[in-house]
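Working notes for the structure below.
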Amino acid sequence: MAEIRCHSCGKTNPANSEFCSFCQAVLGSTAVGNVQEPSLNSEYHPTNETLPDPVETNQVSQGRDPSMEGKNPLAGLDNALPLEPTVRDLTKPVVYPVQSSETDIQKAYTLLLSQMVKDETKRPTYTRSAPKKSQSILRIVVAGILFFTILVPILWNKPAAQLPSLSTELILFDQKISELSPGATVLYSVDYDPSATAEMEAASWAVINQLMARDIQLVLVSTTPTGPVQAARLVQNIISTQQNQVGSPLPASQIINLGLIPGGSAGLASFSENPSFFLKDATEMQMGENPASEQTQPVLDLTSISNLAMVVVVTDTPETARNWIEQVQPWLGGKPLMMILSAQAEPLIQSYYEGGIRQVEGVVISVAGGAGYEELVGIKGPALEMWSAFVNASWIAGTLIILAGMIHLVYTQMVQEKQGSGEKTS
Amino acid sequence: MSTADLVGALIGLFLTLSIFSYLLGDNYLFRLVIHIFIGVASAFVVVIAWYNVIWPQLIQPLLYGALTERALTIILLILSLLLLTKAVPSLSNFGRPVMAILVGVGAATAISGAVVGTVIPQVIDSIRLFNLPGSTGSGIGSWSTLFNSGLLLVGTLTTLTYFHFITRTDSKHPGQKTAWLRWFAKAGKFFISITLGAVFAGVLLASLAALVDRLDFIVSLVEKLFNP
Amino acid sequence: MGYFIDLDLVGLNWLRQLILHWVVVLSAVAVLVGFANLFRTHWNKTTNRKPGSGFSLVTLVAMILTLVFVGFFGPTDPLSIWIFNNIQLPIEISLLAILAVVLIVASVRFLSRSPGVFSVIFISTVVVLIWGVASFPGLDFINFSSLRTWILQIPATAGARGLLLGVALGTIATGLRVLLGMDRPYEG
Amino acid sequence: MNLDGMLDNGMLGLFFVVIFGIILCTIFSFSRFQRISLRNISAFTDFVHEVSSAIETGQRLHLTLGRGSLNGVQGASAFIGLSILGKIVQSSYLSDYPPLATSGDANWSILSEDTYNKAAKEIEPDTRIQTDVNQMGGFTPMSYASSTLPIIYDQHVSLNVLSGHFGSEVALITDAAERSGARTLAGSDGLTAQAIIYSSVDDPLLGEELYAAGTYVQSGPQHLASLITQDVMRWILVLIILGGGLLHFLGILW
């Protein structure tokens, strides 16, 4: 005796039953390929040329049959779009259920006909439109204008149009750094994707300089997979700049690269609960890898992260920033949590340092923040270098969006009128 | 500038220019570079995974760990080997239980993260909205504060109700929401577009910074080359 | 596996630590599996001469070379950093840089793509926020930056809260479906 | 917020989840629903048309699962992607071009392989799936995004489905889809990606709408149950916020 397995609840029903006796799902359309009778599956191998056949159309009908509504948990749903009936059966091995009566077939044909008509009217006939010329022209024009406005101030290195305004967060940031006692340990998390390196290094350059100037002991960690390399690159840059400025390489104990904190938010949580667990791996990992981090003595007192004098998080994604705020900040025991954010993280993190409860005590945001901080502490770094070009770029970008948007709107309207067809552009 | 740096900078110049060529259209140079990129980046991540996780947390405890640590790590090792069978399509069934564990833990973490990380803090903040002095931008006077807090509350609620899925079935045209829900949804859409606009602007600024950096890099390199 | 929730929330620490540790290591092992998958894909492309097989060969070569050098010297070795600085970083930053153009073009076409009041709101928000970064000489009389701050603090935060809460609801529902065994993505 | 603060937040959250689960199970057990209709989401309507027309015109479907880590909040949206993938495979596996799945995180590539095999076996029990239909993209966001470009351009893709966690790199994917003349169905849990999708995709899925995909493409009754549960919980949240806010305003709470 043939049996049909129900598609939605998986239980088996006698083949001549129309609905699953357990979950009331319609069996005809869903039982295809699940029929237990081997002869049906093994012998019949249809091709795409299979003509629409009574039973197949019968299956087609069932998703739409008004009398079925409410039987199948989903058949009754308006707007719950049945994929099987319209699509799946076009290419499906056809199976002959035991019950297929004349009336079924006739009903099926009529329904199929109406279905086909409806589909022909509804379905957009598919044409693989080649990339429009206007689009690529638009792209090239935008690129040209943008490049030009950026290149001008770079070439004739024009002084910054107007120095960025100092936000209160910057001043707070500087206060907190100046409150640090020399030799204190600062956790500095390098948490940005490689693609954001330019922006984040411009934003963080002045901060790192200030930390180095107060000979802070910097502990580098990261939660992003490429983070350790970024940290090592950072160490290299710091060492080279130190050699350029002071002339003497800084003591190896001053920067320690702890490497990766894996496991995302959960990993951060367990790091903030007992850092020593990660410390073990980190110290072992560090052996003979990074010249700047051979000596790992000072880290070993990192039994709890409240021993840290400050935590500075440099990140470009709001998710990472929120992880640090939610997982680490509660454990800091009042020690400040600082953030150096990319512009794309700003809107979502805003509420954490503007709100009534300030969970983040100071932020440097993007190039503007970096330039502002360099201006505040009176050093000339990458942020100030790119500042004027950045200002031009942002202004021209806004203008482009408005003007070109208007032009493009008018253009498309004209084109549509020319075509005179009501084809939808959206 | 040392030769290594010079070579590196020249390579960087070549790569940057070939990526920029994508703006003119998809071309072979761009394809070449992104294929190099895929290879290099993936290899880097694999090496870091080995150096930072697998070696220190799987191999080393096995070799040098204490007894209990070793015992635990052996179980872990077995799980890892089972998972590794996923790399071979014919054996991949052995890895299924491990994936089940991973999926279960992942789902649990997702739930707890969503509840503890998002729902509770956001709800509490929305509840504490009123009488939060200084939580507003132009926070002069209690009236503007009140207005802002009210706006914040309305925005949160309407945005939340914008997503309401189930609609009345006995309506003339199904798929339409009831009238008041539609008004809520409109208000919610308003706030949603503002939020997304803000985030979009942030992304645009970040990419502009990258663009400025690249152009700066090109210009300074060319200057170095022609008048050292 | 519902009881993981309790562990995650109430924090039976040692067990949670252990599970987490295992998951972390297993995910790292999964990276190896994924790498094998990537390698296999490009290997197949290279061997059976599909279009673009040359590119796949390039990927394989780059992969192997990086694996050998970086793997041998360690990811924080100066050589590895040289590779990272001069090959990976320029490409990554350049890709983000061309996004600037891509995004501007997208927002230019946005108005004509879906004309409507919400599109206008979206675009004007974008422009105000971009212009608010720095006041431009000659246009100081429009104080965009305070407007920018207000938008970021009130309406944007409100919308973000709603969106995040909605996403959280969806996440919880999905996670529960998986935990209660209604979805079983892992059985193949 | 200190430790015990976190703890009772934990209890609160546990309570919330338990209620959520109870409602979900009750609705699921009564899954022979009185008629319920869902609001129109145009993206899904187009989705079905695109799937069928892709099969007829011999085009490919390409689904990409994003790069969110499985072990975190970002994972859930990729679970949705998996159920969509199962549906796509069931509907178009036997067509000339089987659908492609790419992912930016190792765990998801493994899971998509499993889902793919399962769905394919349901269609054709004794089938051999070639390994290339599931591709691990890249491990860093940008390399992942750029690894999908050749697929979108070269593989006759007519519809790209983006469901998972993305960052700003998603713009590369949507732009490539636009250039190649393919349609895109995209949703994400990250707000960054949502902003880009909203601006550059014809029918964007905003926020929670992505999580309704399972119901709209009929992946099974459990999706509808969870959708109803989401609506119930939504209004519970609204009530909590309003009531709590009122109490707080009157100074009773806190």
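Atom set for the values below is all heavy atoms of this structure, side chains included, hydrogens, waters and symmetry mates excluded. Lettering of chains follows the sequences in order, A, B, ..., and the numbering in each one begins at 1.
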How about A/I140 and B/L23: do any of their side-chain heavy atoms sit closer than 4.5 Å? no
With a 4.5 Å limit on heavy-atom distance, are the side chains of A/E326 and B/V116 in contact? no
Checking heavy atoms, do the side chain of B/V219, its backbone, both or neither come under 4.5 Å from chain A? side chain
Who in residues 190-197 of chain A is close to chain B, using a strict under-4.5 Å heavy-atom cut-off? none
Is any residue of residues 189-200 of chain B within less than 4.5 Å of chain A by heavy atoms, and which ones? B/A198, B/V199
Within residues 39-48 of chain B, which positions have a heavy-atom distance to chain A below 4.5 Å? B/F44, B/V45, B/I48
Toward chain B, the part of [X] with a non-hydrogen atom under 4.5 Å:
X: A/I365; value: neither
X: A/S342; value: side chain
X: A/A143; value: side chain
X: A/I325; value: neither

Sequence neighbours excluded, the answer for ring-ring contact (aromatic ring centres under 6.0 Å, His included) partners of B/F20 is A/F147
Heavy-atom pair count under 4.5 Å with chain A, highest-scoring of B/G25, B/A209, B/A201: B/A209
Pick from B/L211, B/V53, B/L204 with the largest number of heavy-atom pairs that fall under 4.5 Å of chain A: B/L211
Pairwise distance CD(B/E223) to CD1(A/I154) - rounded to 0.5 angstrom: 9.5 Å
Go through A/V367 and B/L208 one step at a time and tell me if the side chain to side chain contact (heavy atoms under 4.5 Å, CB included) criterion holds. CA-CA 10 Å; A/V367 182; B/L208 281 177; over 6 Å; no
Run the side chain to side chain contact (heavy atoms under 4.5 Å, CB included) test on B/L205 and A/E199 for me, step by step, so that the C-alpha distance in whole Å, both residues' side-chain angles and the decisive distance to 0.1 Å come before the verdict. CA-CA 10 Å; B/L205 284 175; A/E199 184 190 11; 5.8 Å; no
I need the residue from A/A202, A/P318, A/P347, A/A345 with the largest number of non-hydrogen atom pairs under 4.5 Å to chain B. A/P347
What are the two closest heavy atoms between A/M386 and B/D213, and how far apart are they? CE-N, 4.1 Å
